[in-house]
Every structure is written in C-alpha cells, then in structure tokens.
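In each ligand, atom 1 is the first atom listed, and ligand 1 is the first ligand listed. The shown structure was predicted, so the numbers you read here are calculated from the model rather than taken from an experiment.
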Amino acid sequence: MSKLVTVINGPNLNLLGLREPEIYGHDTLADVEEECSKLAQALGMSCRFQQSNHEGQIIDWIQAARDDAVGIVINPAAFSHTSIGILDALHTFEGPVLEVHVSNIHKRESFRHHSYVSHRAEGVIAGFGVQGYSMAIQRMATLLQGS
Ligand code: DQA
C-alpha cells in the first residue's frame with residue numbers, strides 16, 4: 001500500500017485563484033490537488049487533499065491522520081497566526097509535518113510573521129506560490145525514505 005500524505009488547507013483557501021490573485025496567483029485549489037496527486041503517485045505515495053474554514057474540523061482531520069497518514073503537509077492559512085489548538089493537534093502526530101504558505105508571510109504585515117505551526121513543522125515553505133505544495137510533497141518523499 002502506498003504511503004498516505006494528507007494535505008490540509010485552512011480558511012479561505014477554497015477561494016484560491018479568485019481571492020487576491022496579485023498575492024496568491026491564479027491557480028485554484030483543484031489545480032493544486034491535481035498536481036500534488038500526480039507528483040505523490042510518481043514518488044510512490046498517495047495524497048489526500050482537505051480544506052476547511054473551521055478550526056475544529058482541521059483539528060479533527062489532524063487527529064484522524066494519526067490512524068492512516070505517514071505525513072502531513074499543511075497550509076493553516078490565517079490559523080497559522082492564531083491557533084495553539086492546531087499546534088497541539090500536530091504535536092500528537094508522529095510523522096513529518098511540513099508547513100506551506102503560498103505568499104511570503106515574512107514580507108507581509110507583521111501579524112503574519114509568526115506561525116504557531118512552525119514550532120512543530122520540520123520545514124516551512126513560503127513565497128513560492130502554489131509550487132510550494134509540490135516542493136513540500138517532494139521533501140516529504142525524501143523524509144519518508146526508508147520508513
Ligand atoms: C497564507 C498566508 C496567511 O497569512 C493567510 O492568512 C492565508 C494564506 C498563504 O498561503 O500565503 O490565508 O497561509
């Protein structure tokens with residue numbers, strides 16, 4: 001069975017491609033999902049793609065990942081900057097966690113500079129546009145080699 005990586009997306013990312021395209025680009029989340037699934041498959045993994053605008057739902061998905069996933073790629077969006085609950089949930093997960101931001105959060109408003117999730121993530125990718133997701137899948141394959 002191939003290794004399942006779950007890709008979790010936080011609030012407003014359902015509007016990717018429509019929302020502030022000058023910051024987030026024109027690709028939709030469906031485009032990103034297709035790209036990640038293809039890449040994951042080519043690297044001997046499978047990919048589950050999830051998006052929610054609700055913090056509790058994201059925490060539930062992280063807890064569920066404990067049962068079937070070997071790694072988590074997460075763009076917590078605005079919850080990055082606010083949610084100790086998501087950080088605590090990620091601490092219950094044993095595999096690698098990679099954090100993705102489409103935009104360069106460090107170049108933006110100061111309230112985006114800190115991410116609670118970064119306290120748990122093995123790596124953080126920010127400012128590479130939606131390509132950051134593919135980079136995270138690639139890195140995940142490396143981290144999971146031999147597991
Ligand atoms: C984001 C950056 C966050 O600050 C913002 O709240 C988002 C998206 C990004 O992908 O660049 O919604 O996580």
**Asked** If you measure from each heavy atom of R19 to ligand 1, is any distance below 4.0 Å?
**Response**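 A heavy atom of R19 does come that close to ligand 1.
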
**Item:** N75 heavy atom under 4.0 Å from ligand 1
**Value:**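 N75: in contact with ligand 1 (<4.0 Å).
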
Do other residues, nucleotides or ligands put more than 12 heavy atoms under 6.0 Å from the [atom1] atom of [X]?
X   : atom1 : value
E34 : CD    : no
R66 : CZ    : no
Q57 : CD    : yes

Looking only at distances, please establish whether an N/O atom of ligand 1 is found under 3.5 Å from an N/O atom of [X].
X    : result
S80  : no
L13  : no
S103 : yes
V102 : yes

Taking atom types as modelled and ignoring hydrogens, do the side chains of [X] and [Y] form a donor-acceptor contact shorter than 3.5 angstrom?
X   : Y    : answer
N53 : E55  : no
N9  : Y133 : yes
E99 : S115 : yes

**Residue portion contacting ligand 1 (non-hydrogen atoms closer than 4.0 Å) for H101** =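 Both backbone and side chain.
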
**Item:** Within reach of ligand 1, part of I23 (heavy-atom separation under 4.0 Å)
**Value:**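 Looking at I23 and ligand 1, no heavy atom falls under 4.0 Å.
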
**Message:** Between H114 and H119, is the ring-ring contact (aromatic ring centres under 6.0 Å, His included) condition met? List the steps.
**Reply:** CA-CA 10 Å; H114 176 260; H119 292 262; 5.2 Å; yes

**Asked** Relative to the heavy atoms of H81, which atoms of ligand 1 are at a distance of less than 4.0 Å?
**Response**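 This gives 3 (C), 4 (O) as the contact atoms.
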
**Request:** Do me a favour and list the nearest non-hydrogen protein atom to atom 6 (O) of ligand 1 with residue, atom name and distance?
**Result:**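 Nearest protein contact, heavy atoms only, for atom 6 (O) of ligand 1 is R112 NH1, 3.1 Å.
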
**Request:** Among all protein heavy atoms, pick the one closest to atom 2 (C) of ligand 1 and tell me residue, atom and distance.
**Result:**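 Atom 2 (C) of ligand 1 sits closest to the protein heavy atom I105 CG2, 3.7 Å.
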
**Message:** Could you report the tightest heavy-atom contact between M140 and V5, atom names first, then the distance?
**Reply:**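 Closest approach of M140 to V5, heavy atoms only: CG-CG2, 3.8 Å.
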
